[in-house]
Number of protein chains: 2
Amino acid sequence: MATIYEVAALAGVSPATVSRVFNGLTVSEEKQRAVRDAATKLAFVPNRTARRLRKQSSELVALLIPDIENPFFTALARGVEDRAQASGFSVVLCNTDEDPAKEKRYLGIAASEQMAGVILAPASDEVDLGSIAELGRPVVAVDRTTPYPVDAVKVDNRAAGIAAATALFDQGYRRIACIAGPAGIETTEDRFLGWRQVVTARKTVTHDGYLQHANFRVDGGRAAMTALLALDTPPDAVVTTNNLMAVGALQALAAAGIAPAEFGLAVVGELPFLTFAPASVVEVRLPARHLGTTAASMLLERIAGDTTPPRTVVLRAEVKTPEL
Amino acid sequence: MATIYEVAALAGVSPATVSRVFNGLTVSEEKQRAVRDAATKLAFVPNRTARRLRKQSSELVALLIPDIENPFFTALARGVEDRAQASGFSVVLCNTDEDPAKEKRYLGIAASEQMAGVILAPASDEVDLGSIAELGRPVVAVDRTTPYPVDAVKVDNRAAGIAAATALFDQGYRRIACIAGPAGIETTEDRFLGWRQVVTARKTVTHDGYLQHANFRVDGGRAAMTALLALDTPPDAVVTTNNLMAVGALQALAAAGIAPAEFGLAVVGELPFLTFAPASVVEVRLPARHLGTTAASMLLERIAGDTTPPRTVVLRAEVKTPEL
DNA sequence: GTGAAAGCGCTAACAG
DNA sequence: CTGTTAGCGCTTTCAC
């Protein structure tokens, strides 16, 4: 791999001039051409590591997501990527696997790699932004918020939960259960509160077992739905607080031989890769990609030097009631 | 951010000793403790950029995939990640979006970032591994192969195509169509050849329109299936050569009011996030995650210094016939 | 407009 | 076992 010294020698200029050419600084037409010619001849590619060591920053942003196999987060990632690429930044995606330890590790890497900033979908509410914050590197929280004074982009989860439960109520269901995520996680907690608000206000039938806490994945939703169906007074509809759990719930329903039409289902999120039209399923769609582009925009502004106080942007979900 | 010099000063040793401590080289117990204490006191984190510039390599591997929203590739990514993490390497995921230009760009970044190696699921058959190969950095191709002499991990696509078509034949279908991916892409081409081999050998009914080329995504599969259904002699079954196109095909079937049972469907790949048990769908499951772990293992061996000639590992798909 | 020179923080000889 | 020293390749004053 050629260096600026070799290019400089071949072009008959100083290394500084080569650097200037590649950074768009003022260099005479003549030498500029000489440098470019020499560079192509040597297949010169600037060494980013050296540049970074010198400049103490890079055009790389880290995106930390808790589950790379969840379409919600991959859509979000697409959003971040699209926005970042447009500004010449590259995105490095890291899967924290809902594991605070992995998250901490990647955060450390982002810091010690001199990345320009990080967009974080926190794995838990006990994130440690200490190391990265000390460096003054911008951080934007997305989907979930953090106790730190950093920018954040989230959705109105409470409203989403309300919309989901209300839609089921409007369809005539009166025994509406809720499959929530792990206790203590903000997004799911708020969605569940939305559900509770509706069932309380509408005075629908309730039951101790109507609130199920499950892990955020397909198997969690399946187990929770199975438990619901085994109750002495089973619900006639359910709100699931994320996309994957809805898939699991539908699987359990199918396994029990219950057609979607005779059991109401509302999901906060989008059912991924749907292959049939489930007439009775309500989706409260989360703007995953938009969440990503917004977070990226905020991060890029910070990187560009914006020092206004941290902002929190709240996006709204879009209810998609079934076409009957 | 503290440097080894500050740590050295505080611990009363030389910078070299600090470096040795952090690299596990032999240092007396006593100084070792002194260094560690000083390091914690200063919240010292080694600067990877500097280390990299010096060592000309890092513990980062790049993984380039063509579609981050395709569960096949995210599963593959999980495999790579699991294996890499186990060896202390971190994975940087880049989405090439099936775009040779983006692919080239990320390849350049991987090279100029001094990444230890790259695992590439090529976006097209015209990859340019020139820059990265010149540097002698190991590359492993996964899923699809390349014209370059590098390690590769793939599946026996021909066999997968044969298995898919055969399963449909065995179920009694005699007008078996095929929805293939874009022409010229190796994986889909081989799967399609497998299908053709079967329909030819078994002398099933054929028709000019029974071979559809579509893009690799859901909408491609939907359009292709719609076209098939519009034929004067429509098929009674179809082989789709990837997962997403199968989703689209099922959507088209549903839209046409055709139940899965009266139309045979075999997919090379796995139907993601299935919410019902489609009795007549045959999945020829691709070992996505295993593909990832295998590729990562090979890459790590190369990074460790293995210089044996390039190998190509071929994994087999697993046929999952429906439980009737 | 251009060159010389001083580092960015770390590692790897080389002495001792 | 440990300190000294010389870079890795680039950017950036500071002179000219």
Side-chain angles (χ1 to χ4, degrees), chain A residues 1-36 38-39 42-60 108-109 111-116 131 134-137, chain B residues 1-36 38-39 42-60 108-109 111-116 131 134-137:
Chain A
M1 204 140 188
T3 72
I4 50 170
Y5 289 94
E6 307 174 42
V7 174
L10 184 59
V13 300
S14 78
T17 299
V18 178
S19 171
R20 290 190 184 106
V21 169
F22 279 88
N23 287 292
L25 301 181
T26 46
V27 171
S28 73
E29 273 298 326
E30 190 186 5
K31 306 212 165 187
Q32 198 152 146
R33 207 170 28 254
V35 168
R36 295 210 183 282
L42 296 171
F44 168 75
V45 179
N47 182 319
R48 292 168 166 252
T49 305
R51 161 185 304 203
R52 196 134 102 203
L53 177 59
R54 184 57 229 247
K55 307 225 309 181
Q56 307 281 7
S57 94
S58 66
E59 299 73 46
L60 235 43
I109 291 180
S112 90
E113 288 280 351
Q114 260 90 40
M115 300 213 187
S131 56
E134 274 168 24
L135 269 87
R137 295 250 181 263
Chain B
M1 204 143 187
T3 73
I4 51 170
Y5 288 94
E6 307 174 43
V7 175
L10 184 59
V13 300
S14 77
T17 299
V18 178
S19 170
R20 288 186 185 109
V21 169
F22 279 89
N23 287 292
L25 301 181
T26 46
V27 171
S28 73
E29 273 297 325
E30 190 185 4
K31 306 211 165 189
Q32 197 150 149
R33 205 170 29 253
V35 168
R36 294 210 184 281
L42 297 171
F44 168 74
V45 180
N47 182 320
R48 292 168 167 253
T49 305
R51 161 186 306 204
R52 197 135 103 202
L53 177 59
R54 184 58 230 248
K55 307 224 309 181
Q56 308 280 10
S57 94
S58 66
E59 299 74 45
L60 235 43
I109 291 181
S112 94
E113 288 281 352
Q114 260 89 41
M115 300 214 188
S131 57
E134 274 168 24
L135 268 87
R137 295 251 180 261

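Chain identifiers are assigned alphabetically (A, B, ...) following the order of the sequence lines, protein sequences preceding nucleic acid strands; residue numbering begins at 1 within each chain.
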### Non-hydrogen side-chain atoms of A/Arg48 and A/Glu59 separated by less than 4.5 Å
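Side-chain contact under 4.5 Å: yes.
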### Query
Given side chains that start at C-beta, do those of A/Gln32 and A/Arg20 come closer than 4.5 Å, heavy atoms only?
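Sidechains of A/Arg20 and A/Gln32: no contact.
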### Query
Between B/Phe44 and B/Thr3, what is the shortest heavy-atom contact and its length?
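Reported closest heavy-atom pair: CE1-C, 3.6 Å.
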### Query
If every non-hydrogen atom of B/Gln114 is compared with every non-hydrogen atom of A/Asn47, which pair is closest and at what distance?
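Smallest heavy-atom distance, with atoms named: NE2-ND2, 3.2 Å.
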### Task
Verify side chain to side chain contact (heavy atoms under 4.5 Å, CB included) between B/Ser58 and B/Arg51, making sure each step is shown before the conclusion.
CA-CA 8 Å; B/Ser58 66; B/Arg51 161 186 306 204; over 6 Å; no
### Message
Taking only side-chain N and O atoms of B/Ser28, does any of them lie within less than 4.0 angstrom of OP1 or OP2 on D/dT2?
### Response
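Affirmative; the distance criterion is met.
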### Task
Answer yes or no: does a side-chain N or O of A/Thr26 lie under 4.0 Å from OP1 or OP2 of C/dG1?
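Yes, A/Thr26 has a side-chain N/O under 4.0 Å of OP1/OP2 on C/dG1.
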### Message
Using a 4.0 Å heavy-atom cut-off to protein, can you give one letter per nucleotide of nucleotides 8-16 of chain D, 5' to 3': B if the base is in contact, S if only the sugar-phosphate is, - if neither?
### Response
BBBBBB---
